[in-house]
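One structure follows; several queries about it will come next.
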Number of protein chains: 2
Amino acid sequence: MQLNKKVNGTSRTSSREKEEGTEQKIIAAARGIFQRKGMAGARMEEIAKEAGINKALLHYYFRSKEKLFEVIMSEAKMQMLSRLYPILGGDDSLFIKIEKFVESYISFVTDNPLLPGFILHEITMNPEKISEQLIKKGGRPNLSNFFHQVEAEIKRKNIIAVQPEQLFMNMLSMCVFPFVGRPMLQAVMNVNDKKFNQLLAERKKEIPKFIINAIKR
Amino acid sequence: MQLNKKVNGTSRTSSREKEEGTEQKIIAAARGIFQRKGMAGARMEEIAKEAGINKALLHYYFRSKEKLFEVIMSEAKMQMLSRLYPILGGDDSLFIKIEKFVESYISFVTDNPLLPGFILHEITMNPEKISEQLIKKGGRPNLSNFFHQVEAEIKRKNIIAVQPEQLFMNMLSMCVFPFVGRPMLQAVMNVNDKKFNQLLAERKKEIPKFIINAIKR
DNA sequence: TGCACTATTAACCATTTGGTTAAACAATGC
DNA sequence: GCATTGTTTAACCAAATGGTTAATAGTGCA
């Protein structure tokens, strides 16, 4: 038994529908189940079944639940962070950055609605272990660029005084929380799925407007 | 075996330190462990040990893990919601409401930092079952009061046009998210515990200022 | 004092669960 | 063809886990 990932390009088993290869099927299944149930709630058996394979084969590709989990988690973190730094670390003006960031982040999370809750929960369960690599993965944290820019705009009297950290937290909170807290928000506000989706879509424009209103002089 | 909760007032076992009664010790232990590990990650054995009792006694007081979980969850939901409605449903002016709400909510969550993440995660794992009672528990949802007030202020041209739902989501997001996403935020912003606590405390004033700035004409 | 009832425990049980093994199956090179 | 190597499975295993049982200790009260 060895863990060499297979080299095959086109040659496939005589199976009918799948053209992706076992490893990808496993990852896809694991992604879904881990995100839906969390590390503690996920079952190797269920992942195997959803991937259409045997449980033993799961351990043949990924030695343990932890190993498999780490693959999924590391992929998830990278996805989340890779949207974060490029925009905020770029050359745009502050207001443009805010607009681009919110638009990009909400679009992304709309396509991956379970991601934030998954990451946040697991990182809370295991802060040291998971947040250490947060820095390395997905590019070096470039927030200092953004923070300096905020301070510069304050000095130039273009915006009111606000701690960059607070501004960043506000922005991220408003983007991410509605996805993490969706079921609660819908229940509390008594809003159906369609209406809530519409609210989420509108937030791409609403949040930047809100933020810029809040800070501009 | 019966589940009668004991009637004793003062008479206690000859145990040394505890004066709270077994049931309360169990609930305290369960609260901590469920909040830290979640339903799926919690172990009955561990709860028993933390309560200083036998696992069998746990089942003597609360028949099953689910039953015990429901006690904790229902208590948690009530706590969260009981801060929500009274203030927003009250008679204060809009700006005062916002200030009171943010102040009260952040204070509360500061004292119970694991609560939001716990509730949000479990409600996501099991939306139907848990969010149904969200409405009943902790008083009827009084958001319509708040929503009408927002619309009235818009009409009176005291604030700019904004959907009440969006405003509410913004407010709740900024209050709650920093607690749910704390480990991630600290890692990403490279901020130590002390500094982060300070930021959180400052948010009690910062968020209302931010919101009011964003919406006032 | 002894009886009824509650509280508590050690030992036990059945199921679930992550993980392993040995053998069957393909595919590929020679 | 057949040996080699990688892939897949059914069966199995040990530990963990939620839950139960039967016996013990404690307490009030008739």
Side-chain angles (χ1 to χ4, degrees), chain A residues 1-27 29-30 33-34 36-73 125, chain B residues 1-30 33-34 36-73:
Chain A
M1 177 205 290
Q2 27 190 107
L3 280 231
N4 301 345
K5 305 312 167 193
K6 65 267 108 108
V7 198
N8 52 23
T10 33
S11 68
R12 175 80 316 91
T13 330
S14 53
S15 327
R16 35 283 48 111
E17 6 75 292
K18 51 288 284 257
E19 187 47 61
E20 356 165 46
T22 305
E23 187 174 342
Q24 286 313 308
K25 284 193 300 182
I26 293 177
I27 290 189
I33 295 207
F34 275 133
R36 255 181 287 129
K37 314 220 169 168
M39 166 66 166
R43 298 288 163 251
M44 293 297 267
E45 183 67 51
E46 199 185 351
I47 294 176
K49 189 178 288 179
E50 183 150 320
I53 60 165
N54 189 288
K55 189 173 52 142
L57 196 54
L58 214 59
H59 286 86
Y60 173 75
Y61 277 87
F62 305 87
R63 276 195 164 69
S64 66
K65 191 185 180 184
E66 285 225 340
K67 288 275 199 326
L68 179 54
F69 174 77
E70 242 144 61
V71 170
I72 302 300
M73 173 52 76
M125 295 296 104
Chain B
M1 179 204 292
Q2 27 190 108
L3 279 232
N4 300 345
K5 304 315 168 190
K6 63 268 111 98
V7 196
N8 52 23
T10 35
S11 68
R12 175 78 321 88
T13 330
S14 54
S15 327
R16 41 262 73 97
E17 7 71 291
K18 50 288 285 259
E19 185 48 62
E20 354 164 49
T22 305
E23 188 174 341
Q24 284 314 308
K25 285 193 299 183
I26 293 177
I27 290 189
I33 295 205
F34 275 132
R36 255 181 286 131
K37 316 221 169 167
M39 166 66 166
R43 297 288 162 251
M44 292 298 267
E45 183 68 51
E46 200 185 350
I47 294 177
K49 189 178 288 178
E50 184 151 318
I53 59 164
N54 189 289
K55 191 175 51 144
L57 195 54
L58 214 59
H59 286 87
Y60 174 73
Y61 277 86
F62 303 88
R63 276 196 164 69
S64 66
K65 192 184 181 184
E66 286 224 339
K67 286 275 198 331
L68 178 54
F69 174 78
E70 242 145 60
V71 170
I72 302 300
M73 172 54 79

- Message: I'd like to check the side chain to side chain contact (heavy atoms under 4.5 Å, CB included) partners of Glu45(A); sequence neighbours left out, ordered by chain and number.
- Response: Lys55(A)
- For DNA chain C, the residues among residues 42-50 of chain A that have a non-hydrogen atom under 4.0 Å from it: Ala42(A), Arg43(A), Met44(A)
- Task: Provide the closest heavy-atom pair for Met44(B) versus Leu58(B) in the form atom of the first, atom of the second, distance.
- Result: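 Smallest interatomic distance, heavy atoms only, reads O-CD2, 3.4 Å.
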- Message: Working to the nearest 0.5 angstrom, can you tell me the gap between Thr22(A) OG1 and Tyr60(A) OH?
- Response: 10.0 Å
- Message: Expressed as a whole number of angstroms, how long is the span from Ile33(A):CD1 to dT17(C):P?
- Response: 12 Å
- Query: Ile26(B) and Ile47(B): which non-hydrogen atoms are nearest, and at how many Å?
  - Reply: O-CG2, 4.4 Å
- In terms of side-chain heavy atoms of Ala56(A), which of dG18(D), dA7(C), dT20(C) is nearest?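 Shortest atom-to-atom distance from the side chain points to dT20(C).
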- Message: From the set dA10(C), dT8(C), dT8(D), return the single nucleotide nearest to any side-chain atom of Asn54(B).
- Response: dA10(C)
- Message: Of the listed nucleotides (dT9(C), dT8(C), dG19(C)), which one gets closest to any side-chain atom of His59(A)?
- Response: dG19(C)
- Query: Mind checking what makes side chain to side chain contact (heavy atoms under 4.5 Å, CB included) contact with Met39(B), not counting sequence neighbours?
  - Reply: Phe34(B), Lys65(B), Glu66(B), Phe69(B), Glu122(B)
- Task: Send over the distance from Tyr61(A) OH to dG6(D) C1', rounded to a whole Å.
- Result: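 It works out to 9 Å between those atoms.
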- Item | Interatomic distance where NZ belongs to Lys65(B) and P belongs to dT15(C) [whole Å] |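 Distance, rounded to whole Å: 19 Å.
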- Task: Using salt bridge (charged side-chain N to carboxylate O under 4.0 Å, His left out) as the criterion, list what pairs up with Arg36(A), not counting sequence neighbours.
- Result: Glu50(A)
- Query: Whole-Å distance between dT17(D) C1' and Lys37(B) NZ?
  - Reply: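 In whole Å, dT17(D) C1' lies 14 Å from Lys37(B) NZ.
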- Item | Phosphate OP1/OP2 of dA7(C) contacted by Thr22(B) side-chain N/O (<4.0 Å) |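 Checking Thr22(B) against dA7(C): no side-chain N or O falls below 4.0 Å of OP1 or OP2.
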Dump every N/O contact between nucleotides 12-15 of chain D and the protein below 3.5 Å, one line per pair.
none

- Message: Tell me the interatomic distance from Leu68(A), atom CG, to dT17(C), atom P, rounded to whole angstroms.
- Response: 16 Å
- Query: Whole-Å distance between dT21(C) C1' and Leu57(A) CG?
  - Reply: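 Taking atom C1' of dT21(C) as the reference, CG of Leu57(A) is at 15 Å.
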- Message: Under 4.0 Å, counting only non-hydrogen atoms across every strand here, what does Ile53(A) touch: a base, just sugar-phosphate, or nothing?
- Response: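 Answer is sugar-phosphate: Ile53(A) comes under 4.0 Å of backbone atoms only.
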- Side chain of Tyr60(A) (C-beta onward), nearest among dG19(D), dT8(C), dT8(D): dT8(D)
- Query: What's the spacing between Phe62(A) CZ and Ile27(A) CD1 if we round to 0.5 Å?
  - Reply: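 One finds 4.0 Å between CZ of Phe62(A) and CD1 of Ile27(A).
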- Task: Report the residues that fulfil side chain to side chain contact (heavy atoms under 4.5 Å, CB included) with Lys37(A), sequence neighbours left out, ordered by chain and then residue number.
- Result: Ile33(A), Glu46(A)
- Provide, to the nearest angstrom, the distance between the CG atom belonging to Leu58(A) and the P atom belonging to dT17(C). 14 Å
